[in-house]
Number of protein chains: 2
Amino acid sequence: MTDPAPTPDTAADLPARSRREQIYDVAGRLFSERGYHATSMRDLAGELGMQGGSLYAHISSKEDLLVEIVQSAAQQFDEALFTLRELPLPADQKLREAMQRHIRVIADNMESATVFFHEWKHLSPAAYGRVTAWRDTIDTFYRDLLTQGIAEGTFRPDLDVKMAANLILSAVNWAYTWYRPAGSLTPRDVAEGYADMLLAGLRSPEVP
Amino acid sequence: MTDPAPTPDTAADLPARSRREQIYDVAGRLFSERGYHATSMRDLAGELGMQGGSLYAHISSKEDLLVEIVQSAAQQFDEALFTLRELPLPADQKLREAMQRHIRVIADNMESATVFFHEWKHLSPAAYGRVTAWRDTIDTFYRDLLTQGIAEGTFRPDLDVKMAANLILSAVNWAYTWYRPAGSLTPRDVAEGYADMLLAGLRSPEVP
DNA sequence: CCTACCGATCGGTAGG
DNA sequence: CCTACCGATCGGTAGG
């Protein structure tokens, strides 16, 4: 929350970036593999070759780790999608681009994404509220995109916008459960494949 | 695991069904709300108006609660989908029916479904393996359905079966995050809405 | 960053 | 189903 960005590295804030970031990285991995409550601070310290108590020279609390991980994931989604908002693209192309970016954020942050989807209920009320608000924002983004597409004539006029947004969000979010960065599919492959199916449908074209 | 099914209710297995089932029900609720590791046996006992230690007159361990909840969820999916396998329906209708049943299982068991998707990583290796195998089975079910539909001519011949199955599974599984049984949408509404969009596509029909 | 420690809480058991 | 308890482990701190 209180990011020490303004002050550069001086003797005053010695504990240093690098170690702090290592801690957050390893915490993200352990939280995603074992869950927040099943990860002890001693587990975390052990992975970094230090004693449990030593962590507190770099961080303030266990919950702060969770808040930071979840928040930074949310921020990445935000950045990816909201630079898209006012782009002058037809709605179907914009949808393709949005899905691609959305999946890419997940693919590039599989651990944080898993923590985000599984552990956000353990946040303090304040952080919890922020995440809930953020979810609504993403939802609204996709609904607006669909509404725009209907107005344009790109999407069917009888589309149920709420349900279509749900379907799209299901597709992109669920990727955190199965996507493997080491596999052969790029986020672009997945997004294009999904978008093709969503836009044209699974049914065989009429052969008149 | 060792289900006492063969022996009916006798004086020998006194502790009784009802109380046992209450425990499993409340455990399902608490595990879904707070997560497995954040729920203590004393929390659970408190909700049932008893002391922590008293639970062990009815159950054997905390992990057994988790195993049972996850397993019974898996079993419900199995029953819902596998009675569908050999039904002589065109693939698109079978897909509609499968999605409807899949979503209904989630809708009727929101708590178990949440535990299933979030807490299965905390299972012992044996139970973990069973759940993984089960996931593959469900995946195969949808892929076979799609393959059948292509062979029939119902689905496009150029369909990527693996990706299409992923898309369908994303849609139905993600329902556990947003569906509200008290809301106005029935599982049938959701499944039909999704199937309509998936089969025909979002794009506006050509107006020749 | 370590040693040594704090009070609290954990899952589970004994004995009734 | 309760009381009383077990050893283990938790997040976090003091003092260096």
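Every chain is numbered from 1, with letters handed out A, B, ... down the list of sequences.
A:Phe116 is linked by a ring pair (Phe, Tyr, Trp, His ring centres under 6.0 Å) to A:Trp134, counting only residues two or more places apart in sequence or in another chain. Contacts of B:Trp120 classified as ring pair (Phe, Tyr, Trp, His ring centres under 6.0 Å), with partners at least two apart in sequence or in another chain: B:Tyr128. Residues satisfying the salt bridge (charged side-chain N to carboxylate O under 4.0 Å, His left out) test with A:Glu119, not counting sequence neighbours, are none. Contacts of B:Tyr194 classified as ring pair (Phe, Tyr, Trp, His ring centres under 6.0 Å), with partners at least two apart in sequence or in another chain: none. In this view, B:Gln148 and B:Glu152 satisfy the side-chain hydrogen bond (donor to acceptor under 3.5 Å, both in side chains) rule, not counting sequence neighbours. Under the salt bridge (charged side-chain N to carboxylate O under 4.0 Å, His left out) criterion, B:Arg156 pairs with no residue at all, not counting sequence neighbours.
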Give every donor-acceptor pair under 3.5 Å between a side-chain atom in residues 182-192 of chain A and any protein atom, sequence neighbours left out.
{"residue": "A:Thr186", "atom": "OG1", "partner": "A:Arg188", "partner atom": "N", "Å": "3.4"}
{"residue": "A:Thr186", "atom": "OG1", "partner": "A:Asp189", "partner atom": "N", "Å": "3.0"}
{"residue": "A:Thr186", "atom": "OG1", "partner": "A:Asp189", "partner atom": "OD1", "Å": "3.4"}
{"residue": "A:Thr186", "atom": "OG1", "partner": "A:Asp189", "partner atom": "OD2", "Å": "3.2"}
{"residue": "A:Asp189", "atom": "OD2", "partner": "A:Thr186", "partner atom": "N", "Å": "2.9"}
{"residue": "A:Glu192", "atom": "OE1", "partner": "A:Arg96", "partner atom": "NH1", "Å": "2.8"}

What side-chain donor-acceptor pairs closer than 3.5 Å can you find for residues 23-30 of chain B, not counting sequence neighbours?
{"residue": "B:Tyr24", "atom": "OH", "partner": "B:Asp64", "partner atom": "OD2", "Å": "2.7"}
{"residue": "B:Arg29", "atom": "NH2", "partner": "B:Glu47", "partner atom": "OE1", "Å": "2.7"}

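Applying the salt bridge (Lys or Arg N to Asp or Glu O under 4.0 Å) test to pairs two or more places apart or on separate chains, those with a residue in residues 132-146 of chain B are B:Arg85-B:Asp144, B:Asp139-B:Arg143.
Counting non-hydrogen atoms under 4.0 angstrom, B:Gly52 reaches nothing in the nucleic acid.
Close approach of DNA chain D to chain A, defined as any atom under 4.0 Å from a non-hydrogen atom of the protein, starts and stops at D:dC10 to D:dT13.
A heavy atom lying under 4.0 Å from DNA chain D marks the following residues of residues 34-45 of chain A, by number: A:Thr39, A:Ser40, A:Met41, A:Arg42.
With hydrogens and angles disregarded, a donor-acceptor distance shorter than 3.5 Å links the side chain of A:Lys121 to the backbone of B:Ser32.
Where A:Tyr56 and B:Gln51 meet DNA chain D, the nucleotide closest to each residue was compared, and B:Gln51 sits on the side nearer the 5' end.
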- Pairs counted as Watson-Crick or G-U wobble with both distances under 3.5 Å: what dot-bracket string results for DNA chain D, using | for bases tied to another strand? ||||||||||||||||
